[in-house]
Number of protein chains: 2
Amino acid sequence: MTQWVYTFGDGKAEGDASMKNLLGGKGANLAEMNKVGVPVPPGFTVTTEVCTHFYANGKQYPSELKAQVEAAVKNVEDVMGKKFGDAENPLLFSVRSGARVSMPGMMDTVLNLGLNDDTVKALAKASGDERFAYDSYRRFIQMYSDVVLGAEHHDFEHILDGMKTAKGYESDLDLTAEDLKELIAKYKELGVKTGKVFPENPWEQLWGGIGAVFLSWETPRADTYRKLNNIPGDWGTAVNVQAMVFGNAGDDCATGVCFTRDPSTGENVYYGEYLVNAQGEDVVAGIRTPQPMAKDDSGMPSLEEVMPSMYKELCDIRENLEKHYTDMQDMEFTIEHGKLWMLQTRNGKRTAAAALKIAVDMVNEGLISKETAVCRVEPEQLDTLLHPMLDPKAEKNVIAKGLPASPGASVGKAVFSADDAEAWVSKGEKVILVRVETSPEDIGGMHAAEGVVTAKGGMTSHAAVVARGMGTPCVSGSNDIKIDYSKKQFSTTSGSVIKEGDWISLDGAKGEIIEGAMPTVQPELTGNFGKLMAWADELRTMEVRANAETPTDAKQAVDFGAQGIGLCRTEHMFFDAARIQDMRQMILAQDVEGRKAALAKLLPYQREDFTSLFKIMAGLPVTVRLLDPPLHEFLPHTEAEMKELASHIGVSFEFVKERAEALHESNPMLGHRGCRLAVTYPEICEMQTRAIIEAAVEVSKTADKPVVPEIMIPLVGKVKEFDILKEVVDTTAKKVFEETGTTLEYKVGTMIELPRAALTADEIAKGAEFFSFGTNDLTQTTLGMSRDDTGAILEEYRSKGVYVADPFASIDVDGVGQLVEMGCQKGRATRPDIKLGICGEHGGDPASIQFCQKVGLTYVSCSPFRVPIARLAAAQAAVKQAECMAKGGCGCCCDKKAS
Amino acid sequence: MTQWVYTFGDGKAEGDASMKNLLGGKGANLAEMNKVGVPVPPGFTVTTEVCTHFYANGKQYPSELKAQVEAAVKNVEDVMGKKFGDAENPLLFSVRSGARVSMPGMMDTVLNLGLNDDTVKALAKASGDERFAYDSYRRFIQMYSDVVLGAEHHDFEHILDGMKTAKGYESDLDLTAEDLKELIAKYKELGVKTGKVFPENPWEQLWGGIGAVFLSWETPRADTYRKLNNIPGDWGTAVNVQAMVFGNAGDDCATGVCFTRDPSTGENVYYGEYLVNAQGEDVVAGIRTPQPMAKDDSGMPSLEEVMPSMYKELCDIRENLEKHYTDMQDMEFTIEHGKLWMLQTRNGKRTAAAALKIAVDMVNEGLISKETAVCRVEPEQLDTLLHPMLDPKAEKNVIAKGLPASPGASVGKAVFSADDAEAWVSKGEKVILVRVETSPEDIGGMHAAEGVVTAKGGMTSHAAVVARGMGTPCVSGSNDIKIDYSKKQFSTTSGSVIKEGDWISLDGAKGEIIEGAMPTVQPELTGNFGKLMAWADELRTMEVRANAETPTDAKQAVDFGAQGIGLCRTEHMFFDAARIQDMRQMILAQDVEGRKAALAKLLPYQREDFTSLFKIMAGLPVTVRLLDPPLHEFLPHTEAEMKELASHIGVSFEFVKERAEALHESNPMLGHRGCRLAVTYPEICEMQTRAIIEAAVEVSKTADKPVVPEIMIPLVGKVKEFDILKEVVDTTAKKVFEETGTTLEYKVGTMIELPRAALTADEIAKGAEFFSFGTNDLTQTTLGMSRDDTGAILEEYRSKGVYVADPFASIDVDGVGQLVEMGCQKGRATRPDIKLGICGEHGGDPASIQFCQKVGLTYVSCSPFRVPIARLAAAQAAVKQAECMAKGGCGCCCDKKAS
């Protein structure tokens, strides 16, 4: 017979903490606390399997459930020495939900269950407080009618308000016991009138309560919450039925919330709050000011002073539970007539700084291993430690919201064009660039700006990607703002108007646009950060590289612990004002000779770029991607710019205009770009290779360690494209070696960023020495979704449950992941030692990094500011995988199926 | 020991016709002819394996080759009773290439090999014609020096011209034997001077000749030819060394070319031409007028009359070879001093009409089976039978060329906008629409026009795809023309200017734009066509459906034998002038209610569309695809049109403009389209479903057979998209059934046109009852190539050997094909009886149809005019597969690996 009900109480329990899937988080911990001698009001847990059975069988319970619940109630009665429904010494219950993971506020709760016209009298007598008993009863009827019977909440409020008005009361507290009895009578009348009759029978109440909790699992709001938090609907919830204890039954009663360490700082102090003669909600509601647990300087009476023995008992429990769970605990307690009851314990949420300190301290205290410590910090949390923050204590006026595209705080004066941004900054101003959307020619302005705001575009729009790459805060796709370029201003739906030169502030992590110049604070990377990251580096098996092309970014990357450059996008190097005209001349050239002449002018610039990168990276590998974007991205758009260009290179304006139009593409993402540029214009590949190899030769002369250039060919779909360009690279490198009389090692590899490349990776690996999965483009092509055009669709798709996470932010494992895995397997089949990396946005996303570990990548590469996050996430992935493998494998995080 | 040389002659041969891979086509047939008693000059074939060995071993021959060649030469000497290099009775050789398939003119040939200062005298004596002998010698030296020694051809021409000038000759024929001796001396002097000395030693000549043929396999032109014709480079060529016979050694000599049946009409007559005292090239060169084989009305002396016994012998050989090969033969013969020699036989090329007649006749004659007959006609050839043709006898002035985007001939007056096209046609004019490129709003004009010309866009541009779908001739992407819309004219690089109203003609199969109105002829579909197609229908296992949405197209499809509609693109139904404004109102609506109001106006139109389609298709299945393209494709582009729209729907011009801009996408192909439209605006799906089901219910009332609507959801990437829309479809259908009190069967399926859909087809098949592979989009996303933007790149890629065939015209088996195969396997794994079809351009391409047969599709769907081609191609694929399976399978055309 299936056990559907697990009891606990009086130091015994049928379940334990390991049974979260069956008992839910709350139920498992209640059982566990019993086992380790912590006082817990006795009760029982109806398992999540009952929930699953309930929904699978037309909302019917398993036939054995009734008997098992009755037996469990009997057990509670025995422990408490009370009887459910007894008029003399009644046992009351709380009925609470409890899923595997916490879903705060999403599901229903019924308290004081078991009260009726008879038992209320006993409660009045036992508590010596008639008003307390009838108020509890009144609340119970209201809550039960609402939650279980589906009555209209406001009908009850209406009756309550009517009585208060009639009696001239201002507050509920003015109601007397007699008033409450009258109110109860009216509530019951209402129930009869509406057909939602409150049941006096405690057993009927109990089954109603249990059913209400199960039904609340499938309410729209719970469903939405699960979708947003990626919680499967078939997990179901457990129901915890527990003897009621009252912290509000007199002055020898109290209730409180406490943490075993300070959740803000991580300090090893007893942190918490309590109130005498109060219920749990009073502590958090803010009507009464909660008092501290331990004596302090606040002048408020601490529990340590008010109830010293209770405090001592709580201190013992604190130590006991933290040692037992080996993690910082968040606990709730109630003291009823001088008797301490623990109602809940769970791992406590904490700030990034606290997480680091607690993890490091616990290793030093011998409580946990380094592996565990590394897994205790959410990688994403580190982000807040790497960027300056808006002063949390300052007042802020949020005038618009957008997507949190690139974290960090920035403050500057609004400007509305990239040129203006550069001009203002050159005059010593700090600016925030506000655009409808950005394009590659805005790079200069984006570099100059403190922050970027766009009205269009998603988390992976040009603005978002580039800003993250630069570590510049960015709020993208703000539907709240409307930009008027002609007036150089934007207005918000909230009615604000920001003109050029007005101060604004951004919170890139929250997606907030704030009026005025907010003060900022610079967080420090404490010793705990360094220590934990060192452990992470010991534990991880994947390398972490950075996507970087400027010296600033490369230095930042090295500072943040990058082990090389995984993606140097050479096109960013051409947008510099000094170079763009030569680049444009190259694009407008009508024959090979014309292109070669323009390329010859670009060669020294490129060589310098690489020389400085190689110097900074000092022997670490540098993967240089050859020119990738469609050429028309480099051309001017305005007539004025076209005229300037025409005069610069000595052609007619009409010619420039005509060529720009001829180069226009309907779908540039799928057009003349990537290796298609170099296959059709091999001289571009020649120039870039020459610049790379000449720079490497130059730097090698004085460097301590050999320079390791890795030349990466983008957007290969057919192996022949790769072969043609590898030939150009090798021939050019050989020429440079002959000219300089030097030789050095270099690698030639490719991006795998088209489905066709993944599908034929075995062929491509014959020539390619490394693959770098370009999962931005691979996601676009595999899903057939342009990241620039589908921001709004993806939002709607997420709300409809089509995609749980943004597939451009976290890799689509089932779709894109299949291709990545296939690419890895086929690549290794041909070339077992092939280097495999990832350089899309996903390289910095912890969930995606877990996937990268599974498929066995050599490294991940991400923007410099995400390098620490990636280092930590890679360590966690390695720990998780090792643990899983030790247990025999799961086929899921480790690719080894349990046999 | 490997046999590297195969001899033939005197009725014996070591090889036979089945050994084409080893001996090449020519060598295998020479051997075969010996075996069936046809007189062939004796000789031997050096195998293709020698070629492969040659290139794999630094251009060295296998060590055994020398002895084997010497033995083979001895064998020829014995048969001919002559001796190689003998001064009295010398044997001369021809040395010719011969690959598995014919590569005409691509490789080198050396004739008269064995001539030198001694043997030439013997030849003079034997022929009794000194001039003939020395002219042969002179030509041999020149040919040998050019082909084998790599001398400059023009140096020899220079000497020859010098002599003619000096002697005052006008023609080579004026040269006397003495002149030729002098010339030979000068040629040899030149050889000494340039270091390219002509070898007198016949054996040296022979090895030189053999080597030259092998080397010519890898010349750039041969390489290019192979790439264009998809011939693998590792096949290699064989070398055929054969005793020389002379058709030009006197009046009892002759040479000719003949076919066993008429290659133009297919009639069973002896068709051919010959010349007395001539060489092979004289027959084709056109200097002398060749004479007929058989007596006819031409008044020219036929071979039948001139050499009756030779003619009789040739008639016997004709019968013998055609029976033996069971196919129409193309033969070459030479008569030397009254002795007939056959130099070559091969299956003859023929016109489409001839191919049909020969195939049908041969079945009737009991020569071949229906299976063979069906495989004898190139499916693509049928195309010429389905469209009117420009009168081949009329004069034509081609002023520009473009891509042969849609076959057929058309004649009309040039117009430069879709509106003009419609306006002119409504006045009774015939027009050809000339545009830089076309867009969906040009559909009306394209329908009205006789033909379409575009200056931009490839074989699968909008213009090309739509024109092929309509069966309208189209020449796309003509770089030769420059259109000036403002002047309403186009000019060509050849200097012509065509103004609005000027007559032009198109040959869509050749991509020609012709000045003036050419006469056309309407080919008839003869009884042979019907007969062969009936056999094809018996033999094929895949169904053939058509892509059609208009009644005209649907009727055409049924006439051409389509078994249903595989793709009805509903968007084409919205471009009608009467509907487009309502469509636009729907798009511009700002809320659900606004959209529903506009959709309600569109509903009756859609219902009528489907009603007429269901009636025409009379019980055949009709697959209706829900709205697919990005909405902005429907919006007006010009200010005038925007103003008209604004006034029509009662909003401001600015509003229209703003919305049109807001809907603009960077990459519309990857944007808000396909099922994304219906997931975000379910009311569109509701309206379309209602129209389909209401029409089906209506037609069912009076129809003999049940209506079979198949509702197809486009661009699904995640199963959830499908599930959401299937729910909308089912709910709407149920409502209609309730309203009408009728019910009928319908299916809901999806396009598989994104890599993600193929990768997760097992999930999608849980709900989808059919898949239709949309390989146009699947190719775009798998390759990351927009068909609108990469026409020029693909041309260059094909010239560089990256893609052999245009992947948008013929399916990319290794890449896109992998996904299609995966989609089929995964789909069937979930739902074994799932219907699988293809509805991209590839559905009408024979090579792609072969692939569809392999992966086991249920049907292919193509434009109406390609339906007969697809029927024939499907039959051939089935025959080929059945033959292959009978032999144990190959894993290639049949998916069953030989064990």
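Heavy-atom basis, side chains included; hydrogens, waters and symmetry copies ignored. Throughout, a chain's letter reflects where its sequence line sits, starting with A, and its residues are numbered from 1. Quick caveat: nothing in here was measured; it's all calculated off a predicted structure.
For the pair A:T779 and A:D812, the minimum side-chain heavy-atom distance is 4.5 Å or more. Contact annotation: the side chain of A:K718 approaches that of B:Y803 to within less than 4.5 Å [non-hydrogen atoms, C-beta and beyond]. Between B:L670 and A:M669, the closest side-chain pair of non-hydrogen atoms falls below 4.5 Å.
Within the 4.5 angstrom heavy-atom criterion, no atom of B:D723 approaches chain A. Both the backbone and the side chain of B:E665 have a heavy atom closer than 4.5 Å to some heavy atom of chain A. Contacts between A:D777 and chain B at a heavy-atom distance below 4.5 Å are absent for every atom of the residue. Of the two parts of B:A662, only the backbone, made up of N, CA, C and O, holds a non-hydrogen atom closer than 4.5 Å to a non-hydrogen atom of chain A. No part of B:L778 comes within reach of chain A, as not one of its non-hydrogen atoms sits under 4.5 angstrom from that chain.
Annotation: maximal heavy-atom pairing with chain A below 4.5 Å, among B:T790, B:L783, B:L715, B:D814, occurs at B:L783. Ranking A:K720, A:M822, A:K800, A:R756 against chain B, the residue ahead of the rest is A:R756, based on heavy-atom pairs under 4.5 Å. In terms of heavy-atom pairs under 4.5 Å with chain B, the best-connected choice from A:G815, A:A792, A:G784, A:A758 is A:G784. Note on A:G671, A:A757, A:G674, A:G717: by heavy-atom pairs under 4.5 Å with chain B, the leading option is A:G671. Note on A:L754, A:T680, A:L759: by heavy-atom pairs under 4.5 Å with chain B, the leading option is A:L759. Per-residue heavy-atom pair counts under 4.5 Å with chain A were compared for B:R676, B:H672, B:E796, B:Q780, and the maximum is reached by B:R676. Chain A forms the most heavy-atom pairs under 4.5 Å with one residue out of B:V816, B:I793, B:T760, and that residue is B:I793.
Using a distance-only test at 3.5 Å, with no hydrogens or angles considered, a donor-acceptor pair links the side chain of A:D789 to the main chain of B:N667.
Nearest heavy atom pair, residue B:Y797 against residue A:C675, reads OH-SG, 4.1 Å. Minimum heavy-atom separation, B:P668 to A:S666: CD-O, 3.4 Å.
Each of A:T438, A:V436, A:I483 was scored for a side chain to side chain contact (heavy atoms under 4.5 Å, CB included) with A:K456, with one residue passing: A:V436.
A salt bridge does not link B:R798 to B:D806: none of the charged nitrogens lies less than 4.0 Å from a carboxylate oxygen.
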